[in-house]
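All remarks here apply to the structure that follows.
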Number of protein chains: 2
Amino acid sequence: MAVRTRRGEPLSLDEIHATALRLIDAGGAEALSMRKLAAELDVNPMSLYHHVENKTALLAGVCGLAISQLRLPPDDGRPWQEQLRALAHAYRSLAQAHPRLWAYVHEHPEVVDRKEGMGAVLRRILHAAGVPERDVEATSEILYAFVTGFVYAETRDHLGEHPGAEDVDRSYEIAIRLILAGLASGEAFDTQP
Amino acid sequence: MAVRTRRGEPLSLDEIHATALRLIDAGGAEALSMRKLAAELDVNPMSLYHHVENKTALLAGVCGLAISQLRLPPDDGRPWQEQLRALAHAYRSLAQAHPRLWAYVHEHPEVVDRKEGMGAVLRRILHAAGVPERDVEATSEILYAFVTGFVYAETRDHLGEHPGAEDVDRSYEIAIRLILAGLASGEAFDTQP
DNA sequence: ACCTGAACACCGTTCAAGT
DNA sequence: ACCTGAACACCGTTCAAGT
């Protein structure tokens with residue numbers, strides 16, 4: 001719409017990422033094309049390849065940028081239940097900020113390193129929650145899948161409409177409590193195979 | 001590879017669906033193209049449009065076919081825990097039979113009617129589990145998201161490699177037990193907003 | 001009725017050439 | 001160094017024409 005006054009000035013990676021994110025927020029990652037992005041930047045499509053290896057790398061870059069904005073809750077003295085809530089809340093907030101990008105992240109798990117960041121914090125919390133050492137890793141992956149699955153479904157459902165805050169937040173509260181109660185019971189881990 | 005002896009005989013919708021499913025099993029829905037499918041059927045690409053409205057409708061058809069193979073556990077007298085296990089098991093088995101198609105289903109939730117089939121059975125079980133009436137619907141969607149999120153992550157992780165049955169099945173068992181224990185505790189539902 | 005060939009409007013990406 | 005135009009190998013789909 002607005003005519004951009006580029007043309008001449010150098011075209012930075014930051015500018016590419018920012019514009020790509022804007023297009024993804026508007027239409028989803030599947031609607032982003034190198035050619036449309038170039039048009040939005042008022043630049044020849046092929047110029048992009050000077051700053052970015054290919055489309056996959058571009059998308060990975062944008063995802064990495066968003067992921068780096070996840071503020072992981074610190075290891076203060078709070079009970080593990082509160083820390084787990086805080087972590088889930090941080091993740092959900094980020095997804096809600098860029099729901100369409102987050103859908104892409106969920107569909108391309110290879111762009112996020114599960115071993116660092118969220119994974120490490122999750123494992124620490126599960127340890128504090130008394131999960132047996134041998135099950136911490138598996139439980140971490142399970143909870144990651146639960147929370148991402150829930151947030152994916154939630155953001156997808158509400159992409160068109162307004163939030164409808166009331167019901168959604170109650171759903172979220174129930175989901176968190178189900179997980180906390182399941183963990184606290186300890187019943188999930190007493191197998192002996 | 002093998003030269004098909006079509007050409008002349010009429011080209012049925014069933015044949016199209018079956019061949020599409022085979023291609024999806026091999027390379028995923030994103031690798032399926034109308035042109036490749038036509039080549040595999042030894043037919044002009046445009047002939048497909050005589051049997052199918054477009055690519056989206058074709059994929060919806062294949063998904064519907066797979067979904068219809070879900071054998072929902074009957075309402076026998078078993079305890080709700082066992083029925084929930086059976087339902088989750090049925091869903092997971094189906095996903096494991098066609099993991100790449102199932103990824104597509106997960107990424108396109110509009111192709112499955114959440115109100116019927118699994119949803120109805122889930123709600124019945126949750127009712128039997130003592131979930132308060134007002135929370136049955138929300139809890140059903142939460143558990144659906146949890147299970148699909150887990151199975152999606154699981155099948156995606158193990159698409160290349162062999163199952164590695166031991167660890168995976170233990171993970172699955174922990175996931176189920178977490179949910180069962182969370183539900184049984186009743187702690188998720190005693191809010192008063 | 002069922003199939004087809006040519007064509008249109010898109011893609012991502014390579015490569016040789018321009019400044 | 002950075003950008004570009006033409007070209008290649010793909011897409012989904014429309015439409016008028018063939019049997």
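Quick caveat: nothing in here was measured; it's all calculated off a predicted structure.
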**Study point:** 4.5 Å side-chain heavy-atom contact, A:L48 and A:L58
**Key:** no
Check your understanding: Charged N to carboxylate O under 4.0 angstrom, B:R85 versus B:E173?
Key ->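 Salt bridge: yes.
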Atom-pair distance ([atom1] on [X]; [atom2] on [N]), nearest Å:
X	N	atom1	atom2	answer
B:L48	C:dC3	CG	P	10 Å
A:R35	D:dC10	CZ	C1'	11 Å
A:L59	C:dC11	CG	P	14 Å
B:Y49	D:dA16	OH	C1'	17 Å
A:H51	C:dT13	NE2	P	17 Å
B:L41	C:dC3	CG	P	11 Å
B:E30	D:dC11	CD	C1'	14 Å
B:H50	C:dA1	NE2	C1'	7 Å

Starting the side chain at C-beta, find the nucleotide from [options] nearest to [X].
X	options	result
A:N44	C:dT4, D:dA7, D:dT4	D:dT4
B:L11	C:dC3, D:dC11, D:dT4	C:dC3
B:M34	D:dG12, D:dA7, D:dC3	D:dG12
A:M46	C:dG12, D:dC15, D:dT4	D:dT4

Point to revise | Transitive ILVMFWY side-chain link B:Y172 to B:M118, under 4.5 Å | key: yes
Check your understanding: What nucleic acid atoms does A:S33 come within less than 4.0 Å of, heavy atoms only: base, sugar-phosphate, or nothing?
Key ->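 Contact class for A:S33: sugar-phosphate only.
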Exercise for review: Please check if any side-chain donor atom of B:E107 sits under 3.5 Å from a side-chain acceptor atom of A:H106, or the reverse.
Suggested key: no
Check your understanding: Across all strands shown, which nucleotide pairs with C:dC8 by Watson-Crick or G-U wobble geometry, both distances under 3.5 Å?
Key ->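 Result: D:dG12.
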Practice item. Using heavy atoms to find the nearest nucleotide of DNA chain C for A:T56 and B:P45 separately, return the residue whose nucleotide is more 5′. Key: B:P45
Point to revise | Heavy-atom neighbours of A:E110 CD exceed 12 at 6.0 Å | key: yes
